[in-house]
Amino acid sequence: MDLNKSAGNDIVALKVTDQSRAGAPAFYSKILSVSERALYDGQVIGEMSFVTFVWLLWSVKESVFKYLKRHDTHLVFYPSKIVVRRLDRLPAETFDKAGIFEWGEGGGRIAGDGEVLYGGLVVYGSARLYFRSRLRAEWVAAVVCETENFEHTWWGVRSIGEVAYAAQSSSVRAFVMQKLYSLFSGDDLRMIKDAAGCPVVSDEDRKIRIPVSLAHHDRFVAYSFSLPPGKKLGI
Amino acid sequence: MDRREILDELKKVLTPYTENKELLAGITEQTNLIHDLKINSANLVDIIIDAESKYDIEIDLDSAEKMTDIKNCIDVILEKMNHKA
């Protein structure tokens with residue numbers, strides 16, 4: 001069974017981004033649409049720097065791209081064509097409704113600690129997706145979903161010790177597999193790539209296929225996947 | 001600048017975004033950035049911005065969408081350079 005259609009997430013390590021590049025019109029004009037620039041000026045200004053806004057929207061758009069790429073292998077990432085239509089700062093009491101999130105080595109749901117939660121609507125052509133973004137001083141992470149209900153979306157962020165590509169890649173795979181093994185104990189789960197080259201965790205004997213999305217940047221790794229309603233598992 | 005010179009310069013632009021430097025050294029006009037060089041699609045934006053800076057040109061979205069292989073990259077860069085001249 002396909003446990004869900006797709007998955008899309010991203011993370012940006014804010015402290016290693018090139019601030020002057022991201023703040024230059026030559027860069028952000030390739031990322032943001034005119035309406036999104038107006039969104040910052042009219043609503044978001046004062047909540048975060050413009051550069052942080054650029055990276056927050058970048059991470060949302062990259063998440064959308066990953067989500068859609070699984071079903072459109074020819075899709076190429078042009079962020080200004082993926083448009084954030086709505087961006088809301090969400091109150092602290094909604095953190096628990098923003099998916100099943102874990103941070104750090106120990107897992108669990110963490111709210112507060114200087115973290116700000118955003119949500120909204122993002123469109124690409126006729127596709128409409130919803131997103132949740134968690135913003136901290138060190139990183140911004142995003143996840144997308146086809147509905148505004150993130151109750152069955154699992155995502156996590158972890159810091160790692162090495163920044164080499166191989167270490168990031170193996171760490172993020174170990175991170176998501178650790179989570180999935182905690183949910184599907186006893187199963188013989190393997191990570192493979194689907195026809196689009198996107199990662200899927202499967203157990204062929206039980207015909208389980210879970211699309212997973214993986215992201216890493218500098219010393220942070222992140223995953224996301226969704227399980228269908230009724231698959232009440234784990235914590 | 002002819003196509004050969006632009007191709008050689010493009011190698012420098014692509015270097016930070018290409019893991020396999022041997023593949024990069026051997027690119028031709030038929031090389032696809034995503035499928036052959038395994039460049040992350042997210043880095044295409046960086047490459048377009050770097051190309052704009054290197055050649056002092058502006059690359060619009062319609063042109064940028066074509067820049068997934070070396071031939072089209074060279075075509076777009078030449079067109080924009082000629083337009084500027």
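- Around the CZ atom of A:Arg86, the shell of radius 6.0 Å holds more than 12 heavy atoms that belong to other residues, nucleotides or ligands.
- Within a 6.0 Å sphere centred on CZ of A:Arg85, other residues, nucleotides and ligands contribute 12 heavy atoms or fewer.
- Using a 4.5 Å cut-off between heavy atoms, A:Lys61 does not touch chain B at all.
- At a 4.5 Å heavy-atom cutoff, B:Asn43 makes no contact with chain A through either its backbone or its side chain.
- For A:Arg21 and B:Asp50, the salt-bridge test passes: some basic side-chain N is under 4.0 Å from an acidic carboxylate O.
- Other residues, nucleotides and ligands contribute only 12 or fewer heavy atoms inside 6.0 Å of the CD atom of B:Glu22.
- In this structure, CD1 in B:Ile49 is found 5.5 Å from CD1 in A:Ile31, a value given to the nearest 0.5 Å.
- Residue A:Gln43 places its CD atom among more than 12 non-hydrogen atoms of other residues, nucleotides or ligands, all under 6.0 Å distant.
- By the neighbour-count criterion of 12 heavy atoms within 6.0 Å, atom CD of A:Glu47 is densely surrounded, having more than that number from other residues, nucleotides or ligands.
- No side-chain heavy atom of B:Glu65 sits less than 4.5 Å from a side-chain heavy atom of A:Val76.
- The candidate with the highest count of non-hydrogen atom pairs below 4.5 Å against chain A, out of B:Ile59, B:Asp46, B:Leu44, is B:Asp46.
- For the pair A:Tyr78 (side chain) and B:Leu61 (backbone), a donor-acceptor distance under 3.5 Å is absent.
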